[in-house]
Student: 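Input: one structure, supplied below.
If you're wondering where the values come from, they're calculated on a predicted model, not measured in any experiment.
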Amino acid sequence: MNEKFLEVMNHEGPATIITINGNPASVVSTWMSYIQIDQENELLYIPAAGMHSIENDFISDNTVLVTTGTKEVEGTNGPGAGFYISGKGTFLEDGEEYLKMKKAFPWIRKVLKVNIDTIEQKI
């Protein structure tokens, strides 16, 4: 994970989660500040209160795209930097990471774990 991506993730803003191979694609949003980053293992943990459409799409294809960005960080063409995070998702409903997230966000029903394949700066 590069420093620019981590800098963007330190700011507040929306994060959009898309099942790019869904037919039609499912799209949900959350806040970047809710996302926990495991740099060592290249994972994202995202609290899920709903996300039923994403979970249903994972039955046939768990490929997911997460978009993040902020105007507070210098990007490739001036103010504003944004990223596409591509990976494979699974939903956790028990275990250490789930319990940690449930403590921080008591309203969740599951945790979306994203195994990152690529992080690409778009702007």
Side-chain angles (χ1 to χ4, degrees):
M1 292 181 196
N2 72 38
E3 292 302 315
K4 181 72 69 169
F5 170 72
L6 295 172
E7 184 181 358
V8 164
M9 293 302 291
N10 280 325
H11 292 272
E12 185 60 278
T16 303
I17 305 151
I18 308 154
T19 54
I20 59 174
N21 294 323
N23 190 14
S26 295
V27 179
V28 299
S29 293
T30 191
W31 297 107
M32 291 180 351
S33 61
Y34 291 174
I35 298 173
Q36 303 298 309
I37 301 170
D38 178 344
Q39 291 183 56
E40 183 178 328
N41 298 301
E42 296 197 3
L43 299 169
L44 299 179
Y45 293 100
I46 306 171
M51 295 193 195
H52 297 283
S53 60
I54 300 288
E55 189 172 19
N56 289 336
D57 287 349
F58 282 1
I59 294 168
S60 60
D61 186 342
N62 68 338
T63 303
V64 66
L65 176 69
V66 180
T67 66
T68 62
T70 180
K71 64 181 181 178
E72 305 302 321
V73 175
E74 190 73 16
T76 58
N77 295 311
F83 288 84
Y84 284 3
I85 303 104
S86 300
K88 300 290 185 185
T90 55
F91 280 91
L92 309 175
E93 54 187 323
D94 57 26
E96 180 182 341
E97 292 301 329
Y98 170 79
L99 293 173
K100 184 167 53 171
M101 295 289 278
K102 182 73 171 173
K103 185 174 182 179
F105 307 103
W107 41 264
I108 67 172
R109 64 178 192 89
K110 293 187 179 181
V111 172
L112 172 57
K113 175 183 166 185
V114 177
N115 291 288
I116 299 169
D117 292 329
T118 61
I119 299 175
E120 180 181 2
Q121 186 171 356
K122 299 307 282 185
I123 59 171

Student: Which heavy atom in G89 sits nearest to a heavy atom in V64, and how many Å separate them?
Tutor: N-CG1, 4.0 Å

Student: Just wondering, do E97 and V111 contact through their side chains at under 4.5 Å, heavy atoms?
Tutor: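 Side chain of V111 against side chain of E97, heavy atoms only: no contact under 4.5 Å found.
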
Student: About how many Å separate CG of L112 and CD1 of I17, when rounded to the nearest 0.5 Å?
Tutor: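 Reported to 0.5 Å precision, the distance equals 5.5 Å.
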
Student: Any link between I85 and I54 through a network of hydrophobic side chains (Ile, Leu, Val, Met, Phe, Trp, Tyr) touching at under 4.5 Å?
Tutor: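 Yes, one cluster joins them.
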
Student: Could you give all pairs that pass the ring pair (Phe, Tyr, Trp, His ring centres under 6.0 Å) test and reach residues 44-78, with sequence neighbours left out?
Tutor: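 Residue pairs passing ring pair (Phe, Tyr, Trp, His ring centres under 6.0 Å), neighbours aside: F58-F91.
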
Student: Under 4.5 Å between side-chain heavy atoms, hopping through other hydrophobics if needed: is there a path connecting V28 to I20?
Tutor: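 Each belongs to a different hydrophobic cluster.
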
Student: Show me the pairs that pass ring pair (Phe, Tyr, Trp, His ring centres under 6.0 Å) and involve residues 102-123, at least two apart or across chains.
Tutor: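 Only Y34-F105, Y34-W107, F105-W107 qualify under ring pair (Phe, Tyr, Trp, His ring centres under 6.0 Å).
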
Student: If you round to the nearest 0.5 Å, how far is NZ of K103 from CD1 of I108?
Tutor: 13.5 Å

Student: Measuring from N21:CG to S26:OG, what's the distance to the nearest 0.5 Å?
Tutor: 11.5 Å

Student: Using the rule that two of Ile, Leu, Val, Met, Phe, Trp, Tyr join whenever any of their side-chain heavy atoms come within less than 4.5 Å, decide whether I18 and M9 are in one cluster.
Tutor: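 Hydrophobic grouping puts I18 apart from M9.
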
Student: If a pair satisfies salt bridge (Lys or Arg N to Asp or Glu O under 4.0 Å) and one of its residues is in residues 55-72, list it, with sequence neighbours excluded.
Tutor: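 Qualifying pairs, neighbours excluded: E55-R109, E55-K110.
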
Student: Checking K4 now: which residues fulfil salt bridge (Lys or Arg N to Asp or Glu O under 4.0 Å) with it, not counting sequence neighbours?
Tutor: none

Student: Which residues pass the side-chain contact (heavy atoms from CB on, under 4.5 Å) test with E40, sequence neighbours left out?
Tutor: D38

Student: What residues form a salt bridge (Lys or Arg N to Asp or Glu O under 4.0 Å) with E42, not counting sequence neighbours?
Tutor: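 By the salt bridge (Lys or Arg N to Asp or Glu O under 4.0 Å) rule, E42 matches no residue at all.
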
Student: Rounded to the nearest 0.5 Å, what separates atom CD1 in I37 from atom CE in M1?
Tutor: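 Between I37 CD1 and M1 CE, I get 6.0 Å after rounding to 0.5 Å.
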
Student: Just how far is it from atom OG1 of T70 to atom CD1 of I123, taken to the nearest 0.5 Å?
Tutor: 9.5 Å

Student: Please collect all side-chain hydrogen bond (donor to acceptor under 3.5 Å, both in side chains) contacts where either partner lies in residues 114-123, sequence neighbours excluded, each pair once.
Tutor: E120-K122

Student: For a side-chain contact (heavy atoms from CB on, under 4.5 Å) check, start with the C-alpha distance between M32 and V8, then their side-chain angles and the critical distance, and finish with the verdict.
Tutor: CA-CA 9 Å; M32 291 180 351; V8 164; 4.1 Å; yes

Student: Quick one: which residue pairs count as a side-chain hydrogen bond (donor to acceptor under 3.5 Å, both in side chains) with a foot in residues 76-96, not counting sequence neighbours?
Tutor: T63-K88

Student: Let me check something: do V114 and L65 share a hydrophobic cluster, defined by ILVMFWY side-chain heavy atoms less than 4.5 Å apart, either directly or through other members?
Tutor: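 In one cluster: no.
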
Student: Linking I/L/V/M/F/W/Y whenever their side-chain heavy atoms sit closer than 4.5 Å, directly or via other members, would L43 and L92 fall into one cluster?
Tutor: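 Result: yes, single cluster for both.
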
Student: Which residues pass the ring-ring contact (aromatic ring centres under 6.0 Å, His included) test with Y98, not counting sequence neighbours?
Tutor: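 Residues passing ring-ring contact (aromatic ring centres under 6.0 Å, His included) with Y98: none at all.
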
Student: Mind listing the closest non-hydrogen atom pair of P47 and M51 along with its distance?
Tutor: O-CE, 3.5 Å

Student: Which other residues belong to the hydrophobic cluster containing I59, where Ile, Leu, Val, Met, Phe, Trp and Tyr are joined when side-chain heavy atoms lie under 4.5 Å apart, directly or via other members?
Tutor: none

Student: I need the T68 OG1 to I119 CD1 distance, nearest 0.5 Å.
Tutor: 8.5 Å

Student: What residues form a side-chain contact (heavy atoms from CB on, under 4.5 Å) with N23, not counting sequence neighbours?
Tutor: none

